Amino acid sequence: MIYAFAILAILIAMALVLVRLIKGPTLYDRVLAVNSFGTHTVLLIGVVGFWNGRPDFLDIALLYALINFVGTIAILKFFRYRAIGDVMWTPPQQDEGR
Amino acid sequence: MRLIVYALLLGALWLLWSGIYKPIIISFGAASIGLVLLITHRMNTVDEDKVPIELSPIKFLGYLIWLLVEIAKSNIAVTKTILSPTMPIRQNLFEVPYTQRTDLGQVIFANSITLTPGTVSVETETGHFLVHAVSYSAADMDALANMDARVSATELAGSS
Amino acid sequence: MLVITALAVVRTRSLFAVVTLSGVFSLLSALLFITLDAVDVAFTEAAVGAGISTVLMLGTLALTSRSERSEKKTPIVPLLVVLVTGAAMVYGTLDMPNFGSPDAPAQTHVGPEYFERIPKEIDVPNAVTAILASYRGYDTLGETAVVFTAGIGVLMLMSGLGRRRKEDEDDPDQEGGSA
Amino acid sequence: MGDLMETSTAIYLSMLLPAMGVLINMVLRNQPDLRDSLTFAAALGTFLTVLCILSNEGNGVSETFVMIEVLSGLTIAFNVEPLGLLFAILGSGLWMVTHIYGIGYMRGNKEKDHARFFACFCFAIFSVMGIAFAANMFTLFLFYEALTISTYPLVAHKGTTDAIKGARTYLGILMGTSICLQMVAVIWTYTLTGTLDFTRGGILEGHVSNAMAAVLLALYAFGIGKAALMPFHRWLPAAMVAPTPVSALLHAVAVVKAGVFTMLKVGIYIFGIDFLASSSASVWLMWFAAFSIVAASVVAMTKDNLKARLAYSTISQLSYITLGIALASSMGALGGAMHVVTHAMGKITLFMCAGSIYVATHKTNISQMTGLGRRMPITFIAFFIGALSIIGLPPLGGSWSKWLLIVGAADSNELIMIGVLLVSSLLNVAYLMPLVGRGFFLSTNQEPAKSEFAEGPVLVWMPPALTALGCIILFFYAGYIQEFLMPIISVP
Amino acid sequence: MSNLDAVLQILSWSLIISGSFFVVVGAIGMLRFPDFWARLHAASVTESGGVILLLAGMCIQAGFTLITVKLMIIGLFLFITGPTSTHAVANAALVSGLRPKSLSTHPNSNGLEDDKR
Amino acid sequence: MRHHLILRVITKLLVGTIFLFALYVQFHGDYSPGGGFQAGVIMAAGFIIYGIVFTLEKVKAVFPPWLVHKVVALGVLIYAGTGIYSLFYGYGYLDYAVIDPHHPVHGQHLGILIVELGVGVTVTGVMVAVYYAFAARAPSLGDEDW
Amino acid sequence: MFEEMTVDFILGHLNYWFFIILMMTGLYVVIAKGNLVKKIVGLNIFQTSVFMLYISIGKVEGGTAPIFPMDMKIDPEMLYSNPLPHVLILTAIVVGIATTSLGLALIIRIREEYHTIEEHEIAEQETKVSFYELNGNQLTSGDNS
Amino acid sequence: MASAISSEPVHHIALTLSDQLPALQVLIPFVAAPLVVFFGVRSLAWPIAFLASLGSLAVSVLLLQSVIDGSEISYHMGGWAPPLGIEYRVDTANAFVLFLISAISSVVLAYARGSLKAEVPEKSHTLFYALYLLCLTGLLGVVITGDAFNVFVFLEISSLSTYVLVAQGSYRDKRALTASYNYLIMGTIGATFFVIGIGFLYMATGTLNMADLAERISEQRDSRTIRAAFAFIVVGIGLKAAIYPLHLWLPNAYVYAPSPVSAFLAGTATKMAIYVLLRFMFTVFQPEFLVEIKILEAVIIPFALIAMFAASISAFYQRDIKRMLAHSSVAQLGYMLLGIGSFSHTGLTATIIHLFNHGISKAALFMGAGCFVFAIGATSYDKLKGLGKSMPWTSAAMVIGGMSLIGIPGTAGFVSKWILVQAAFENGWWSFAFLIVLSSIIAVAYVWRMIETLYLSAPIQGMTAKEAPLSMLIPLYLMAFSTIYFGFATDITLEASKAAATGLLSGSSGLR
Ligand code: NA
Ligand code: NA
């Protein structure tokens, strides 16, 4: 009952975020959208678990939170340094800007 | 010493998450903890970073409660911004000095800044953070300084 | 949402977007699996599909290119193929039992028998693991071999040195950027 | 005389010796004299072995010796019967002759790759022995294909573009017909009757309708490409690019003879003469053969190149044998069988003469050979004798076989065919005699009057002289041959 | 005691509803805000407010069982990793040169507003 | 002060937990969703995030490539080896009853645990190996292509 | 055929058709698109949709996930969804990722050799290589023959 | 090893070594592969691989001996009886194919010892042999299993390892990479189609065991789900079997792969797929079903004929030996399909025996091509001119193989062609008989082109070609002579094929 409402809300939110994911325009918007999507998923798993009456699947929620985190960091690492495992990039001096 | 505390923490986590208290599972738990300790020990040896945890638990809890309140307040503020027809955004990128001694403390501060909607720590530099705010007002600097003090207060005294 | 994601993949040119959409697709399917009571599968799909798969693809993109540069080909043949295949599948579904019906052949034959036998023979709560690791354990051994094969396959394919930027003088894409 | 060795051993030995010849030539490739003489020894040995078989079996039919069963009911098996034995004697005997000739030609003409040449030669003879002693159509087909493959390198020997093209035609037609037509015919036969064994009286009677029999016969007739029945005859002139010993082998000893031999075996032992007669399945073949006889002769007349002329002559002569079978009468079959021998002797003479001329003078066209007869009398006389045999005049062997064919035509009430045979003889004169005439009786202005003795090396003019003598001898022994062959047409 | 139960139920429901509300608000902000930097904050509304409220509501529903513990651990994890992710994204954007569309001036800003992108 | 302070600190704090979670999933596969595959992926994720934040060389020092290769093969050998153990004692291949002939059900349970462990080991190894392979390639793209 | 299209039938089969649409989208991407990475993504979508189809076979109306209570006291009234498709799909997912990782490794190598990951550009390069292979010899050895 | 140690529990009877043979068939290479990786020592890699392959061969011979009388062996994996557990089911059809696969694997491995050094750098050899073993495992596993999903898993093991093995040709020619990628895409689509088919079958019957499926399918033959399942399975397998027009991946993959890989694949991979097709068509769906849906006339036969001609003609136009051989393989597969289409005992015998005969012929030919690669680094006709002189042994072996392709009497290829034409006659299909022999003529054309190039063309100036080493020639000749051997001594192959055909035509023998 109440869970249905929560599920609906989260789904709507996910759809909105999906739009942002598709639209962009920058890379970072998309990364943010993906990360946000992941958080929504974690919540959704939790709520759906409760709704189904079998909330002992929260392992999956934790898994997804972990994946979300690792994935976001990986994406950023890729696109900032364009390869994993490169020597850590040090930014140029701040005053020069880019 | 640290190792034992860490092991106990992991053990508690295992037991809490597991819910099954058969001997075979417990023994697996112990073995798992052993393996984890091995790997983390190797990791510690490999890099120069050690993250000493020098916090006072009780004060930290107190801080957390205060933080929750702050989060609630900022949430409402940003929600107003989102939902209002004009979306009054005044972005700003500015420096915020920190006073924590330990790395962990600094991180707690930085993350707290980010946790409260309206401010995000963007870069960490020597002595200060670069912070971005979405609807900046002069009062923000004071609020942040307040947060800084509270975090420092949770740190244990010790050598830098 | 799943359909939108899939269609977006067709149209988007930015490969980064495509890959993240793929991750999203996996994610949504994991959710779908949960609603279909397939929790083990959802777990695996989330870990593998949304996690590993997306990360690997991003790694590939980082080493290759960022957007699609297709020429305009007429999509007639692929569309035809797809339509025919789809039609064949729909044809096949016509005699299928309704979704979720409990007296489908799938539910009345081997399925319930597993339920009867697992408590007696294996005594493990997770039926999926029981079947996976015991009754059909040989399949799982094969699956492990597949993973093994992919692992050493990737090692074999990628074990050479990648080109270091500085050595790569004649690559036209190359810029003398710093690492 | 008692049995010197078992017939089965002899059969295998007669094939083993040529096979060893292959090895000898491969191993001893760089020691020409040892190699060539050992090969001759193998040839001699083969001939003697076949004679042993002759003494064992006479003109009877031996039991069948099965070597291996390849498919259910299909075996590689050998036996001895008069026609096959005759072919074997012919083949092994003429091998000796052509081998000597080959040595002379190759060395005289300074050809290359002697070892490969003789190795393939040996392999071809091996295949011929297999064909001769085959007890069923399956075995025969096997060795038939082996013969095609082993003679291909011989045809292409010179390695020039023309040689390669000619060899391609050779292989293309022969293999094309054998795979597309003959093999189908064989399998069809097997499906109809369940066996492929050569049996007196044939195996097809009762298993196939008359119309289908005609179709089946067509598949065989055109499928046996080596019999050069028009329109699948083009391989023969195309193979003229080969060195002359090869031509000799092809036209006299092995390939074409294997072709018509197969035709005879199919006609006599698969269909059966009586079945052919009663079903009228071979009437159409008669007309095709007749056409082939005449048309090939006409074309022969137009050819200036001697070997080409001889090639078309062979086509014509082979169709005699095909006609013999198609007449569906015993005499016809007998005539055809005998023609195998007489034509072989005659044609080999003609070819070796052509080769002798080439070795001595490097001339290939008849128009170039004016007055040559006076300088190469032995060769030209041998040619003359061979030509007479082909034309069919007594006292040469060729006259016997032609006579039997005419009788056979009469037996089948095919008077037109008699006419064809006679006309063909006239045409033979027209295309063979000119060389003799030109060689002896004409002279050109450019030529010096002196008549040197300008024959080629001994090894090159001796063999044709011998075979020419053979033509004469055959006339007198033809009767024996006829008697020898009688069992094949008599009903058991 | 049914009274307590009813109170707890209502409490949990309100928590869940408000949590959902914040979730949706955050998503709306993601769409509405004009540039990346602003959207960062919209996302963090979901991350902090939405998560805490929803999880709290579910905790109450679950009562004093292992499930509550699990929920709390999940919450803790999100608490730690959420801001870290956000920070990382912002950092990446900054380093690559992305700048906010409009900046207001302030004594403590380090002159970055001069660099427009 | 080094950069990425937050990432480094948080990662250091979390990796241990991630590994523990992985092993939890591994051994609780019988009771709740989970098992070898999932556990392997999570385990690898731990190494990967360490590698991302702390550089590839460091994670290679913790989990050297030669060890990864051996681990990859080891998992398969464990799984297949269990079956061979059954064969050796005259049972069908992978018949777990051999482990405890008097209590076959218990044997089943043990067998499942062992083979799942083999699976987890291999999956960890492979995922880490794949990560090493992809990460070791230097990119051949310039900045402008981005 | 159309007589059987009752509402119940359509509703009961809608999910299958939905998954089929997804599958065909994925298949279309694989076949029609020329970018190598996109093909792999399409392949993934195709495969994942097949998995969805399988899992939906196993679903029982009113059933729940096939994990028994900890104490193994199974309520006979309780309906569980069929675990067998789950087992198969778990295997299939893993096989899918294995294929994907190999495909991506190949793409990286291809990029290094061809400097592109678009099918048509690769084909152009390959045609050139084949052309030189066949005709290059003639160009260089033309003077010899 | 094992012995009859009896134990207490009630229902267990100890299994002897000969009982364990089905499991050992796949296990030996299966365990050898990770062992190679685990030891990581390059000098051990080849010996382990070779010994494993030989072991596998020994087991397959033993298995073939015990089932050639028409019996069947059933082995329950994990001790669980089907349909709950996975079953290995050995009858003559798959025992024969197992024998083929392990025999070719062993000979090619012996050959690879010398050949690989010329084509793949030494540092990759250890993993190469490990992948080779995995490929072998996959092939054997697909053939021996009696469970439909198990087919998929082992199919993917063999496919994935194949993709990587093909890509190893990139050291010589970078086009190997795209060939491998295209193969991956098409192969995965095929495998997924197969899985869809299995899914439909499961939906309709509720089981995955082949024998059980057979029973249940026969009760509902007109179900549209079953029919759709059939279509998807056939198309999926058809992709792997390179049935025209789903064969597009094959030429490039065979050409650019390292020579031992081409030889191994050409002899085994497509044959395994044809076996799976046979197994599903006849044992699972059973002959009555095939008759009902008229698949044979409508689809199999037309595509068989198209393959025979189109592929033969394209083989003729190729300018590279390996490419010619690859197209030739597609054509020869057409013959196998035609045998299936004739739906008679003779026809199926022809298919199965051609599976074997073509396998050994093609393996020999590709090994010969590999010798050319070893000597001169190329296989295109313009570089091979005149090599008949300087590489006589290799060229002679190629001639032998070529004869078998054409179907010259005295070779294995002739035997299968004969039986096929016989089958056509038995069905009264005159035209097909002619078509078969007509396509053989095209084979003459393309084989003869090779022969002319080798023997009758002037060698290229400056080309120094030495004959391949003994380590490569001996396995090559072993394979080439077996082509001749099995052209005469057909008792084993013929008996096995006939027994297999009988077994297949009688449908399924039900659950054990
Ligand atoms: Na914030
Ligand atoms: Na499985």
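Below, each value reflects all heavy atoms present in this structure, side chains not excepted, and no hydrogens, waters or symmetry copies. Proteins come first, then strands; the chains are lettered A, B, ... in the order of their sequence lines, and each starts at number 1. Since this is a predicted model, take the numbers as computed values, not measurements.
- When the candidates G/Arg109, G/Met23, G/Met24 are compared by the number of heavy-atom contacts under 4.5 Å with chain C, G/Met24 comes out ahead.
- C/Ser29 approaches G/Met52 most closely through the heavy-atom pair CB-CE, 3.5 Å.
- Put simply, of C/Thr129, C/Val154, C/Ile118, C/Leu83, the one with the most heavy-atom pairs under 4.5 Å next to chain G is C/Val154.
- If you measure heavy-atom distances from G/Leu53 to chain C, the contacts under 4.5 Å come from the side chain alone.
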Any chance you could lay out the side-chain contact (heavy atoms from CB on, under 4.5 Å) test for G/Leu84 and C/Arg136, step after step, and finish with the verdict?
CA-CA 9 Å; G/Leu84 185 59; C/Arg136 294 190 71 90; 3.7 Å; yes

Does the pair G/Leu90 and C/Phe43 meet the rule for a side-chain contact (heavy atoms from CB on, under 4.5 Å), with working shown?
CA-CA 10 Å; G/Leu90 264 174; C/Phe43 206 141; over 6 Å; no

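- Contact count versus chain G (heavy atoms, under 4.5 Å) is highest, among C/Asp40, C/Ile52, C/Val39, C/Leu79, for C/Leu79.
- Residues passing the side chain to side chain contact (heavy atoms under 4.5 Å, CB included) test with C/Val81 are C/Val77, C/Thr85, G/Ile31, sequence neighbours excluded.
- Residues C/Leu56 and G/Thr100 have side chains not in contact (no heavy-atom distance under 4.5 Å, counting atoms from C-beta outward).
- When every heavy atom of C/Asp37 is checked against every heavy atom of G/His86, the shortest pair comes out as O-CE1, 3.4 Å.
- Note that the CE atom of C/Met57 and the CD1 atom of G/Ile107 stand 9.0 Å from one another [nearest 0.5 Å].
- With a 4.5 Å cut-off on side-chain heavy atoms, C/Leu157 and G/Leu106 count as touching.
- Here the closest non-hydrogen pair linking C/Ala38 and G/Ile55 is CB-CG2, 3.7 Å.
- In plain terms, the two heavy atoms of C/Leu36 and G/Ser81 that are nearest each other are O-OG, 4.4 Å.
- Heavy atoms closer than 4.5 Å to chain G are found nowhere in C/Thr54, neither backbone nor side chain.
- With values rounded to the nearest 0.5 angstrom, C/Leu21 atom CG is found 8.0 Å from G/Ile45 atom CD1.
- Between chain C and the options G/Thr99, G/Val30, G/Val41, heavy-atom pairs under 4.5 Å are most frequent for G/Val41.
- Per-residue counts of heavy-atom pairs under 4.5 Å with chain G were compared for C/Gly151, C/Ser53, C/Gly49; the largest is that of C/Ser53.
- Residue G/Ile20 touches chain C through its side chain alone, counting heavy-atom pairs closer than 4.5 Å.
- Of the two parts of G/Val37, only the side chain, counted from C-beta on, holds a non-hydrogen atom closer than 4.5 Å to a non-hydrogen atom of chain C.
- Between G/Val87 and C/Leu132, the closest heavy-atom pair is CG1-CD1, 3.6 Å.
- Under the rule for a side chain to side chain contact (heavy atoms under 4.5 Å, CB included), the partners of C/Thr149 that lie at least two apart in sequence or sit in another chain are H/Leu131, H/Leu134, H/Ile157, H/Leu160, H/Ser161.
- Between G/Phe51 and C/Leu32 the shortest side-chain heavy-atom distance does not fall below 4.5 Å.
- Of the listed residues (G/Thr25, G/Val29, G/Leu104), the one with the most heavy-atom contacts under 4.5 Å to chain C is G/Leu104.
- Heavy atoms of G/Phe46 lying under 4.5 Å from chain C are absent altogether.
- By the 4.5 Å heavy-atom criterion applied to side chains, G/Leu22 and C/Phe25 are counted as neighbours.
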